[in-house]
Structure formats: C-alpha cells, structure tokens
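Here the structure is a predicted model, which means the values were calculated and not measured.
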Amino acid sequence: MATTGRRLRADAERSVRTILEAAERLLSENPGATMEQIAEAAGVARTTVHRRFASREALVETMATSAWQEIDDAVDAARPYTAPPLVAMHQATANVVQIKSGWRFALGTLPPPGEEATRIHDEVMAKCDAVFARALEAGLLRPGTDPRWARQVYLALISEAVHCAPAAAQPQAADDPDALATLIIDTLLYGLAPRRPGPPAVQDTPGVDLPAGHDRS
C-alpha cells in the first residue's frame, strides 16, 4: 500500500509539473490562453487541469510560487551569507539566469501573484540585499552606494540579459550562463568604460573556488 501511495503521489507531481511547464510555454506566447488550451498543450484532459487547479488564477499563482522557489534555492546554493561576495554574486547570477530563461511568464509580474510567491520573493530580495551590503563592506562598490539601488540595477541587468541575450555583441555569452553572469557583473561593477585599477574581477580573486568554466589564466 505504501509503495502504491508513493507511486500515486509521484504520478500526481509529474502531472502537475507537466501542466506547469506547458502553461509557461503557452502563456509566454499567448498570455490570454485558456485552461482548455493549456490542457491541450500539456497533453492531459481538461478535467485533469481543473482537478489540480481551481481556476486559471490558481494555476498562475502556482507557477509563480514554483518559479520563485527555484530562484530561492538557486540563491541559497550560491551561499549568499558565507561565500566571498563577488563569488556569491557570480554563482547566484549564473543560476538565476538559467531559471529565469525557463520561467519568463511566471517571473514576469512584480509583485508576484499569491501570498506564498510574494513571501519567497521578499526572502530572495533580502538575501540579495545582504550580498550587496557585504560587497559594499568589501570595497566592491563605491563608498556610499545604497545596496538596494545596486540590487535594482543588478536585477535590471539580469532581466535585459535574459530577454535580450547579447548574442550580437557577446556571442560567447548568449548560451553560457557563466559567461553571461560575468558580463552582467562586470557591467554592474565597472560599467562600459575602460576598467580602472580597483577590486579584482571574479577570475582574479585569490583563495576562492571559481565557477565551472573559469580560470585565472
């Protein structure tokens, strides 16, 4: 019986995930898509979608909650409170870029719909602010910089990078989250002017583990 129960729960979780992924694809292309159209895109019966989600709004709220939970897990994986701030920023950025690319509709509304999604969003922003406060203390930001302003600029850069990947100017970064993260953080910290002497880039930071794909050569 226990095995059967676990199998049923696993099947239900897969069904929900299939619906959420289909809804993300369809709503990204057509924000006015109906539940019936989402069911068709997911390859399930309309009754299955309605059984899992009481309304279209409930489905969208679940999408937002799932997407923001993935973002929160990705930020935690970057060790925002313990890793060197530059390394934490880079790893979190690379992780988030990958997630945002797959949840453009679900992450496209701020504040996110639903209490749970809003709660997770606020926790992510608090962790982000903590990293920027640590970056300020480490001298990575100009003295007097408001960490919340730095966070807003940073999030805008991520959003632009995800929605308008710089394939023309930086073709090597378009499909490489690590390269795109480096581009985002370099633009945030140094702008577009020639780099002046100052804090090292992530590749030049001694004594820290670099993300995959980076070296100090």
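Val131 places none of its side-chain heavy atoms less than 4.5 Å from the side chain of Val75. Between Tyr154 and Cys128 there is a side-chain heavy-atom pair separated by less than 4.5 Å. At a threshold of 4.5 Å between non-hydrogen side-chain atoms, the residues His121 and Ile71 do not count as touching. Val96 is not listed as a side-chain neighbour of Val124, based on a closest heavy-atom distance of 4.5 Å or more. Contact check for Asp73 versus Trp68: no side-chain heavy atoms found under the 4.5 Å cut-off. A heavy-atom distance below 4.5 Å is not found between the side chains of Phe132 and Leu140. Between Val162 and Arg104 there is a side-chain heavy-atom pair separated by less than 4.5 Å. Put simply, the side chain of Thr109 does not reach to within 4.5 Å of the side chain of Val60, judged on heavy atoms.
How far CE of Met63 is from CG of Leu107: 9.0 Å, rounded to the nearest 0.5 Å. The distance from atom CZ of Arg25 to atom CG of Asn30, rounded to the nearest 0.5 Å, is 14.0 Å. How far OG1 of Thr48 is from CZ of Phe53: 11.0 Å, rounded to the nearest 0.5 Å. Here the straight-line distance linking atom CD1 of Ile38 with atom CG of Leu59 works out to 5.0 Å at 0.5 Å rounding. Here the CE-OG1 distance, from Met35 to Thr47, works out to 11.0 Å after rounding to the nearest 0.5 Å.
Across all their heavy atoms, Leu188 and Ala150 have their closest contact at CD1-O, 4.0 Å. When every heavy atom of Ala94 is checked against every heavy atom of Asp178, the shortest pair comes out as CB-OD1, 3.6 Å. For Gln91 against Ala78, the heavy-atom pair with the smallest separation is CB-CB, 3.9 Å. Between Ala161 and Ile184, the shortest heavy-atom contact is CB-CD1, 3.8 Å. Listed here is the closest heavy atom pair of Pro147 and Leu136: CG-CD2, 4.3 Å. What you find for Ala67 and Ile99 is that their closest heavy atoms are O-CG2, 4.3 Å.
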Given the rule in the side-chain contact (heavy atoms from CB on, under 4.5 Å) test, do Phe105 and Leu26 qualify, once you have shown the distances and angles that lead to the verdict? CA-CA 9 Å; Phe105 177 85; Leu26 189 58; over 6 Å; no

Carefully, step by step, assess Leu183 and Leu157 under the rule side-chain contact (heavy atoms from CB on, under 4.5 Å). CA-CA 10 Å; Leu183 181 60; Leu157 286 171; over 6 Å; no

Test side-chain contact (heavy atoms from CB on, under 4.5 Å) applied to Tyr81 and Lys127, step by step: CA-CA 8 Å; Tyr81 298 110; Lys127 293 169 186 175; 3.3 Å; yes

Where do Leu86 and Ile185 land on the side-chain contact (heavy atoms from CB on, under 4.5 Å) test, with the steps shown first? CA-CA 9 Å; Leu86 191 58; Ile185 294 173; 4.0 Å; yes

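By the side chain to side chain donor-acceptor pair (under 3.5 Å) test, Arg119 is found to be paired with Glu116, Glu123, residues two or more places apart in sequence or in another chain being considered. Residues meeting the side chain to side chain donor-acceptor pair (under 3.5 Å) test with Glu40, sequence neighbours left out: none. Taking the side chain to side chain donor-acceptor pair (under 3.5 Å) definition, one finds that Glu24 meets it with Ser28, sequence neighbours left out. For Glu36, the salt bridge (charged side-chain N to carboxylate O under 4.0 Å, His left out) partners at least two apart in sequence or on another chain are Arg46. The side chain to side chain donor-acceptor pair (under 3.5 Å) test applied to Arg17 returns Glu21, Glu70, not counting sequence neighbours.
Looking at Arg52, its side chain never comes within 3.5 Å of a backbone N or O of Ile19 through a donor-acceptor pair. A donor-acceptor pair is defined here as one N or O able to donate and one able to accept, closer than 3.5 Å; such a pair exists between the side chain of Ser55 and the backbone of Ala58. Remark: side-chain polar atoms of Thr93 are paired, donor with acceptor, to backbone N or O of Met89 under 3.5 angstrom. Within the 3.5 Å criterion, the main-chain N or O of Arg14 finds a donor-acceptor partner in the side chain of Thr18.
The side chain to side chain donor-acceptor pair (under 3.5 Å) pairs that include a residue from residues 129-145 are Asp129-Arg151, where partners are two or more places apart or lie in different chains.
Around CZ of Arg51, the count of heavy atoms belonging to other residues, nucleotides or ligands within 6.0 Å exceeds 12.
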